[in-house]
Amino acid sequence: MALLPGVTALGQETSHSGRTGEAFSTNQQVTLDPLTGTVISRWSGPTVLLDSQTGELLEARSFAIPVLVTAAQDFVGSPTAPVFTDGVSYGISTEWIDPVSSPGIISQGALPGWISTFHVVEAVTKSTTTEEQVSTTINPFLGNGNSAFSDNGVPGAGQTTFDITIVGTATDEDAFAAKLTNSGLFASVVIKA
(Lines give C-alpha, C1' and ligand atoms only; values in the text may rest on other atoms or scores of the structure.)
Protein backbone atom coordinates (compact mmCIF):
# COMPACT_ATOMS: atom_id res chain seq x y z
CA MET A 1 0.00 0.00 0.00
CA ALA A 2 2.85 2.40 0.77
CA LEU A 3 3.82 2.29 -2.92
CA LEU A 4 0.51 3.89 -3.94
CA PRO A 5 0.81 7.63 -4.73
CA GLY A 6 -0.07 9.77 -1.72
CA VAL A 7 -0.10 6.84 0.74
CA THR A 8 2.33 6.83 3.67
CA ALA A 9 3.25 3.81 5.80
CA LEU A 10 2.97 4.80 9.47
CA GLY A 11 4.41 1.56 10.88
CA GLN A 12 2.84 -0.56 13.57
CA GLU A 13 -0.05 0.92 15.53
CA THR A 14 -2.65 -0.42 17.93
CA SER A 15 -6.39 -0.28 17.28
CA HIS A 16 -8.86 0.90 19.91
CA SER A 17 -9.69 -2.75 20.61
CA GLY A 18 -6.01 -3.53 21.28
CA ARG A 19 -5.08 -5.36 18.07
CA THR A 20 -1.76 -4.40 16.43
CA GLY A 21 -1.19 -3.99 12.71
CA GLU A 22 0.35 -1.87 9.96
CA ALA A 23 -1.11 1.62 9.53
CA PHE A 24 -1.35 3.49 6.21
CA SER A 25 -2.57 7.02 5.66
CA THR A 26 -2.45 10.00 3.37
CA ASN A 27 0.03 12.73 4.24
CA GLN A 28 -0.37 14.55 7.54
CA GLN A 29 -0.84 18.28 7.93
CA VAL A 30 0.74 19.88 10.98
CA THR A 31 0.25 23.46 12.21
CA LEU A 32 3.14 24.87 14.26
CA ASP A 33 3.32 27.88 16.54
CA PRO A 34 5.57 30.27 14.56
CA LEU A 35 7.25 31.57 17.73
CA THR A 36 7.99 28.32 19.57
CA GLY A 37 7.74 25.63 16.89
CA THR A 38 5.30 23.66 19.09
CA VAL A 39 2.64 21.60 17.35
CA ILE A 40 -0.71 23.41 17.63
CA SER A 41 -2.74 20.89 15.68
CA ARG A 42 -2.25 17.76 13.63
CA TRP A 43 -4.58 16.42 10.93
CA SER A 44 -4.35 13.09 9.15
CA GLY A 45 -6.35 12.03 6.14
CA PRO A 46 -8.13 8.69 6.05
CA THR A 47 -6.10 5.98 7.78
CA VAL A 48 -6.43 2.20 7.74
CA LEU A 49 -4.88 -0.28 10.15
CA LEU A 50 -4.38 -3.73 8.62
CA ASP A 51 -3.38 -7.09 10.05
CA SER A 52 0.18 -7.57 8.77
CA GLN A 53 -0.36 -11.31 8.16
CA THR A 54 -3.85 -11.45 6.61
CA GLY A 55 -4.53 -7.89 5.41
CA GLU A 56 -7.75 -7.86 7.45
CA LEU A 57 -9.06 -4.38 8.30
CA LEU A 58 -8.50 -3.81 12.02
CA GLU A 59 -9.54 -0.16 12.14
CA ALA A 60 -10.42 2.76 9.87
CA ARG A 61 -9.94 6.38 10.97
CA SER A 62 -11.00 9.81 9.70
CA PHE A 63 -13.31 8.65 6.92
CA ALA A 64 -16.21 10.75 5.70
CA ILE A 65 -19.62 9.11 5.95
CA PRO A 66 -22.03 10.67 3.40
CA VAL A 67 -25.15 10.12 5.53
CA LEU A 68 -23.60 12.18 8.35
CA VAL A 69 -22.48 14.90 5.94
CA THR A 70 -26.03 15.16 4.54
CA ALA A 71 -27.47 15.38 8.04
CA ALA A 72 -24.99 18.14 8.95
CA GLN A 73 -25.79 20.07 5.78
CA ASP A 74 -29.49 20.00 6.65
CA PHE A 75 -28.76 21.11 10.22
CA VAL A 76 -26.13 23.78 9.53
CA GLY A 77 -27.48 24.95 6.18
CA SER A 78 -30.98 25.74 7.37
CA PRO A 79 -31.80 29.35 8.28
CA THR A 80 -34.12 27.99 10.99
CA ALA A 81 -31.44 25.75 12.51
CA PRO A 82 -29.75 26.67 15.81
CA VAL A 83 -26.50 27.12 13.83
CA PHE A 84 -26.43 28.91 10.49
CA THR A 85 -23.37 29.43 8.31
CA ASP A 86 -22.92 31.96 5.58
CA GLY A 87 -19.81 31.41 3.49
CA VAL A 88 -18.27 29.07 6.07
CA SER A 89 -17.12 25.57 5.17
CA TYR A 90 -17.53 22.56 7.42
CA GLY A 91 -17.14 18.82 7.23
CA ILE A 92 -17.74 15.62 9.14
CA SER A 93 -15.60 12.55 9.45
CA THR A 94 -15.61 9.51 11.68
CA GLU A 95 -12.96 9.46 14.36
CA TRP A 96 -12.54 5.68 14.09
CA ILE A 97 -14.34 2.48 13.17
CA ASP A 98 -13.10 -0.72 14.79
CA PRO A 99 -14.71 -3.78 13.15
CA VAL A 100 -15.84 -6.44 15.62
CA SER A 101 -15.77 -9.20 13.01
CA SER A 102 -14.77 -9.82 9.42
CA PRO A 103 -16.94 -8.08 6.82
CA GLY A 104 -19.79 -10.22 5.57
CA ILE A 105 -23.10 -10.06 3.77
CA ILE A 106 -26.12 -9.49 5.97
CA SER A 107 -29.76 -9.99 5.12
CA GLN A 108 -32.05 -7.10 4.22
CA GLY A 109 -34.02 -7.76 7.43
CA ALA A 110 -30.92 -7.09 9.56
CA LEU A 111 -30.55 -3.52 8.26
CA PRO A 112 -31.93 -0.63 10.34
CA GLY A 113 -35.39 0.46 9.17
CA TRP A 114 -34.35 4.02 8.29
CA ILE A 115 -31.97 2.77 5.62
CA SER A 116 -34.85 1.93 3.29
CA THR A 117 -35.65 5.65 3.04
CA PHE A 118 -32.33 6.38 1.24
CA HIS A 119 -32.44 6.09 -2.55
CA VAL A 120 -29.75 6.74 -5.17
CA VAL A 121 -30.56 8.12 -8.60
CA GLU A 122 -27.82 8.26 -11.23
CA ALA A 123 -28.33 11.06 -13.77
CA VAL A 124 -26.02 11.70 -16.73
CA THR A 125 -26.40 15.12 -18.33
CA LYS A 126 -26.45 15.76 -22.04
CA SER A 127 -23.28 17.43 -23.34
CA THR A 128 -25.15 20.73 -23.85
CA THR A 129 -26.64 20.88 -20.33
CA THR A 130 -25.36 23.73 -18.16
CA GLU A 131 -24.90 24.03 -14.41
CA GLU A 132 -27.67 26.62 -14.21
CA GLN A 133 -30.15 24.27 -15.89
CA VAL A 134 -29.23 21.40 -13.54
CA SER A 135 -29.49 23.70 -10.51
CA THR A 136 -32.94 24.91 -11.57
CA THR A 137 -34.12 21.30 -11.86
CA ILE A 138 -32.50 19.85 -8.73
CA ASN A 139 -32.61 22.75 -6.23
CA PRO A 140 -36.34 22.48 -5.42
CA PHE A 141 -35.65 18.98 -4.05
CA LEU A 142 -32.73 20.02 -1.82
CA GLY A 143 -34.58 22.15 0.73
CA ASN A 144 -33.13 24.29 3.50
CA GLY A 145 -31.87 26.89 1.01
CA ASN A 146 -29.23 24.49 -0.32
CA SER A 147 -28.21 24.43 -3.98
CA ALA A 148 -26.73 21.82 -6.30
CA PHE A 149 -23.52 23.80 -6.80
CA SER A 150 -21.54 26.05 -4.47
CA ASP A 151 -19.30 27.58 -7.17
CA ASN A 152 -20.71 29.42 -10.15
CA GLY A 153 -20.01 27.71 -13.46
CA VAL A 154 -18.86 24.42 -11.91
CA PRO A 155 -19.29 22.14 -13.70
CA GLY A 156 -19.72 23.94 -17.02
CA ALA A 157 -21.52 22.57 -20.04
CA GLY A 158 -20.51 18.99 -20.76
CA GLN A 159 -21.53 15.48 -19.86
CA THR A 160 -21.49 14.96 -16.09
CA THR A 161 -22.66 11.99 -14.01
CA PHE A 162 -24.49 12.72 -10.75
CA ASP A 163 -25.16 10.11 -8.08
CA ILE A 164 -27.92 11.81 -6.11
CA THR A 165 -29.02 10.41 -2.75
CA ILE A 166 -32.57 11.29 -1.77
CA VAL A 167 -34.47 10.47 1.41
CA GLY A 168 -38.11 9.46 1.22
CA THR A 169 -40.46 6.82 -0.08
CA ALA A 170 -40.29 4.93 -3.37
CA THR A 171 -42.95 7.37 -4.60
CA ASP A 172 -40.64 10.31 -3.81
CA GLU A 173 -37.84 8.53 -5.66
CA ASP A 174 -40.06 7.94 -8.73
CA ALA A 175 -41.25 11.58 -8.71
CA PHE A 176 -37.67 12.84 -8.55
CA ALA A 177 -36.50 10.53 -11.37
CA ALA A 178 -39.51 11.59 -13.49
CA LYS A 179 -38.71 15.27 -12.92
CA LEU A 180 -35.12 14.71 -14.10
CA THR A 181 -36.24 12.66 -17.14
CA ASN A 182 -38.96 15.12 -18.14
CA SER A 183 -36.56 18.07 -17.93
CA GLY A 184 -34.85 16.91 -21.15
CA LEU A 185 -31.46 17.80 -19.64
CA PHE A 186 -30.27 14.25 -18.99
CA ALA A 187 -29.08 11.57 -21.42
CA SER A 188 -30.05 8.93 -18.84
CA VAL A 189 -31.70 8.69 -15.44
CA VAL A 190 -31.39 5.38 -13.57
CA ILE A 191 -32.72 4.46 -10.12
CA LYS A 192 -29.81 2.54 -8.59
CA ALA A 193 -31.10 1.76 -5.13
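Cluster partners of L35, using a side-chain heavy-atom cutoff of under 4.5 Å among ILVMFWY residues and allowing indirect links: none. Annotation for L49: hydrophobic cluster partners, listed by chain and number, are L58 (ILVMFWY side-chain heavy atoms under 4.5 Å, direct or chained).
Contact record, S52 with E22: CB-CG, 3.8 Å, taken as the closest heavy-atom pair. Heavy-atom minimum distance, E13 versus A23: CD-CB, 3.7 Å. Nearest heavy atoms, Q133 versus L185: O-CD1, 3.5 Å. Between V121 and F176, the shortest heavy-atom contact is CG2-CD2, 4.0 Å.
Looking at T47, L10, T8, V48 one by one, the single match for side chain to side chain contact (heavy atoms under 4.5 Å, CB included) with F24 turns out to be V48.
Panel note: side chain S25, backbone P46; a donor-acceptor pair is recorded below 3.5 Å. In terms of modelled atom types and a separation under 3.5 Å, the side chain of K179 and the main chain of T137 share no donor-acceptor contact.
Note that CG of L50 is 9.5 Å distant from CD of E56, once rounded to the nearest 0.5 Å.
Considering only heavy atoms from C-beta on, I138 comes within 4.5 Å of L180 through its side chain. Between T38 and L32, the closest side-chain pair of non-hydrogen atoms is not below 4.5 Å.
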